[in-house]
**Q** 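Take a look at the following structure, please.
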Amino acid sequence: MTSPSIHPFLQVENLARIYPSPSGGEPVTVFDHVNFRIHKGEFVCVTGHSGCGKSTILNILAGLDSASLGNVFMDGREVSGPSLDRGVIFQSHALMPWLTVLENVAFAVKSRWPARNKQQVREHALRYIELVGLKGAEHKLPSQLSGGMKQRVGIARAFSIEPKMLLMDEPFGALDALTRGVIQDELLKICAETQQTVFMITHDVDEAILLSDRIMLMSNGPHARIAEIVNNTLPRPRDRSAIHKQPHYYPIRNHLVDFLVSRSKLFGSLRDAPDAPSSPTVFDPADLVESDVEPVVVHTPPVGKPHIHLVNA
Amino acid sequence: MKTRFSLSQKAGLLSLGLFAAILLVWQLLTLPETHVAAANVDPEYAALMGGGGAKAASGFPTPAAMAQTVWDKLSHPFYDNGPNDKGIGIQLGYSLARVLGGFFLAAVVAIPLGFAIGNSRVVYQAINPYVQLLKPISPLAWMPLALYTIKDASASSIFVIFICSLWPMLINTAHGVANVKKDWLDVSRTLEVNPLRKAFRVILPAAAPTVLAGMRISMGIAWLVIVAAEMLVGGTGIGYFVWNEWNNLSLTNVLFAILMIGVVGMALDSLFGVLGKRVAYQE
C-alpha cells in the first residue's frame, strides 16, 4: 500500500454551506469547517441528526450540489460536477418506472461504456442483477417489485458502472427491518468482493457498526461539523448474529448512542467561535485498556439474539 | 341471480335498453300526425295543401327512414357525382386529412417548443404571456386573417386546426417536462448521460403520458373545430356536407352527418386512449 495519509483517495477541505437568510438578516450556515479523508477501499458511514447537512455533503461529493466554500478532491482531481466515477444509490431508489429491471441497469452500463454492443451491455447488466439476487426478475417493471427488490436494483445499477467510489444516502431508510438486514448482508458481501470505497449516510447505529470501517459523527446544525470519528475496530468478516459478542461492540455502540443523544447538541455551543478548528476527536476502542472493556461489556447486556439488532434498527 | 351477469354485461344490457327507449320515443314523436286530421278532411284537399297522408307529418325522419339512409349512404361511401354530391367517406376523408395535417403541424411545433419551455424557467416566463393571450381566442376568429394571408380556403382550415391544436399540446408538454422527477434527472446526471440521450431516454418517456394527454385534448378540439371551419370555407368536408344538406332541407342527411361526426370523433379519441395506455407507467 502506498502511504495513504499523504495521498488520500478522497479529500474534503473546509467544506461549508451557507444560505442567505430569507428575511435579509444573517446568513444561515448549515455546516462549515468540514474536513475529512477517505482512503481507497474504506467504508465510511456518516451519522447525525436531521438538518446537519449530511445529505448536502453527499450531494456535493456526487457533484449534484455545490458547496459555498471549500473543495473536494478525488484521486487528486477536484470534484466539480457529476461523474461516472462516483456511483450514487438514492434513498428513493430512483428507478425509471417505464424500464424493466434489466433496462434500468443496462441504461447505466450503456452510459458508462457507450461503445459496447447490446449483447455485451446485457451480459454485464445481468451479472450485476444476479449479484444482488434478482435473477429471474430482470424483465419485471419496478412497480412489480417490493421496496427491498427496488433498492437492490438501485444497488445493482450503482455497482454495474464500477465506480471508483459509491455514495449512499440512507439507502435502506425506507425498508422494513427484516429486508434491511438481508440487504445489509448482501452489501457487506459485495463490498468485500469488490473492495469498493463507500461513503454512506445512515441514521441507524447498528447499520453503521455492521458495515463501516469508520463512523463520522456530525454535530447538530447550524454550524454543524464532524465532531467525532469512531474507528470501527470490529474484525471482518462480520456476522450480524455474532457481532455483539465482540469485545469492542458495546463500547462503540454506547459511544455512538451517547453522541446522538447528548453530545451532538453540546458540540455546537462548545465550538461557537467562527475560527474554531475542525479537528474531530477520534474514538478508537483499541485504545481502551482491555481490562476496562471486558467487565463492562460482556456481562451487562443480555445475551443477544440476532433479531434484537433488527428490532433496534 | 346476482352473479349471473358481469358488470360489463349489465352495462351492455342497460345500454341496449336505453337505445330501444330512444328509438321508441323517436318513433312516437315522428308518427304521422295527419292520421287523426285526415279523418275529418277531404283527402283531395289535404293533397292540395301539399301534404297528404303519412308524408305530411314533418321533415324529421322516422327511425326506419333514418336507418334506410344510413344503410344507403354507408353502402356507397366513396361515390363522387360532382361538387355537391359526394359519398360520406370522401367528405370525412377531406375533413380527416385537414385535421391530421393541422394536428401534426401543431405537434411538430408544440412538442419541441414545449420541451424548451419545460426545461427552462427563463423560456417559460418569456413565452407564458403569449400563450395566455393566444390560448383563449376562438380558432375561428383566425379564419379571416388566414384567408387573407394564405388565400386558400382549404389551407386556411388547416391553419385553424393548427392553431387550435397547438395550445393543449404545448402546455401539456411543458408541464410534463417541467415535472420530470428530480431523482431521474439526478440519475442521468451522475451517469453523465448526454443531453440528446437524456431528452429521448429519460425526459420524453417520463413526460410521455402528459404529452399524450395533451395530444388527446388537441385532437378532440380539432375535430370539433373542423366542422365549423368547413361550414365557413365550404367546398368539401363533413362540415360543408352538413351545411349543404341544411340548405337542401334534408334533415335525414344532416342527422346522418351528425352521427358520423360522432363516430369518427369517438374513434380518434379511443385511438389516443390506446396510445396513452401504451406510454403510461406506474411508479
Side-chain angles (χ1 to χ4, degrees), chain A residues 55 58-66 79-100 103-114 121 125 140-145 147 150-151 153-154 157-158 160-169 174, chain B residues 107 111-112 114-115 118-122 125 169 172-216 271-283:
Chain A
S55 289
L58 184 132
N59 282 337
I60 293 168
L61 296 191
L64 294 170
D65 204 339
S66 51
V79 168
S80 57
S83 157
L84 282 158
D85 287 343
R86 277 157 281 130
V88 184
I89 297 178
F90 298 85
Q91 181 178 11
S92 59
H93 59 75
L95 301 178
M96 320 247 177
W98 56 89
L99 299 179
T100 63
E103 287 165 338
N104 263 293
V105 180
F107 181 73
V109 175
K110 186 77 185 165
S111 306
R112 179 75 175 81
W113 296 282
V121 168
K140 288 194 171 157
L141 289 168
S143 56
Q144 296 168 296
L145 303 178
K150 283 181 202 167
Q151 196 51 283
V153 182
R157 180 173 63 184
S160 72
I161 60 169
E162 293 169 7
K164 290 182 183 166
M165 178 161 191
L166 202 60
L167 304 166
M168 297 195 254
D169 190 353
Chain B
I111 292 174
F115 238 80
N119 257 327
S120 154
R121 294 293 301 172
V122 178
Q125 290 204 1
M169 276 195 269
N172 267 44
T173 307
H175 189 253
V177 169
N179 287 299
V180 173
K181 254 176 112 180
K182 192 172 169 292
D183 278 349
W184 301 331
L185 297 177
D186 280 349
V187 167
S188 39
R189 283 177 69 197
T190 57
L191 293 174
E192 294 186 66
V193 179
N194 69 51
L196 206 65
R197 190 157 177 260
K198 185 165 96 179
F200 282 101
R201 293 293 308 276
V202 181
I203 297 175
L204 196 63
T210 323
V211 175
L212 233 98
M215 294 174 89
R216 193 176 182 177
L271 175 73
F272 278 89
V274 170
L275 289 176
K277 266 202 187 122
R278 201 168 282 184
V279 298
Y281 55 81
Q282 193 192 339
E283 275 184 58

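A note on names: the letters A, B, ... follow the listed sequences, proteins ahead of strands, and every chain is numbered from 1. Both backbone and side-chain heavy atoms feed into the values below; hydrogens, waters and symmetry mates do not.
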**Q** Name the region of A206(B), side chain, backbone, both or neither, that has any atom closer than 4.5 Å to a heavy atom of chain A.
**A** both
**Q** Side chain, backbone, both or neither: which part of R197(B) has a non-hydrogen atom closer than 4.5 Å to chain A?
**A** side chain
**Q** For chain A, which candidate among K182(B), E192(B), K181(B), R201(B) shows the most heavy-atom pairs at distances under 4.5 Å?
**A** E192(B)
**Q** Hey, what do you get for CH2 (W98(A)) to CD (E283(B)), rounding to the nearest 0.5 Å?
**A** 8.5 Å
**Q** Heavy atoms only, distances under 4.5 angstrom: which of R112(A), R157(A), R86(A) has the most pairs with chain B? Name it, please.
**A** R157(A)
**Q** Just wondering, do F107(A) and V193(B) contact through their side chains at under 4.5 Å, heavy atoms?
**A** yes
**Q** Need one label for L84(A): side chain, backbone, both or neither, based on atoms under 4.5 Å from any heavy atom in chain B.
**A** both
**Q** Where on V202(B) is there a heavy atom nearer than 4.5 Å to chain A: the side chain, the backbone, both, or neither?
**A** both
**Q** As an exercise: rank N194(B), D186(B), L191(B), V279(B) by heavy-atom pairs under 4.5 Å with chain A and give me the winner.
**A** L191(B)
**Q** To the closest 0.5 Å, what do you measure between CG (L167(A)) and OG1 (T190(B))?
**A** 9.5 Å
**Q** Report which part of L95(A) has an atom under 4.5 Å of a heavy atom belonging to chain B: side chain, backbone, both, or neither.
**A** backbone
**Q** Taking the side chain as every heavy atom from C-beta outward, state whether P97(A) and Q282(B) have any atom pair closer than 4.5 Å.
**A** no
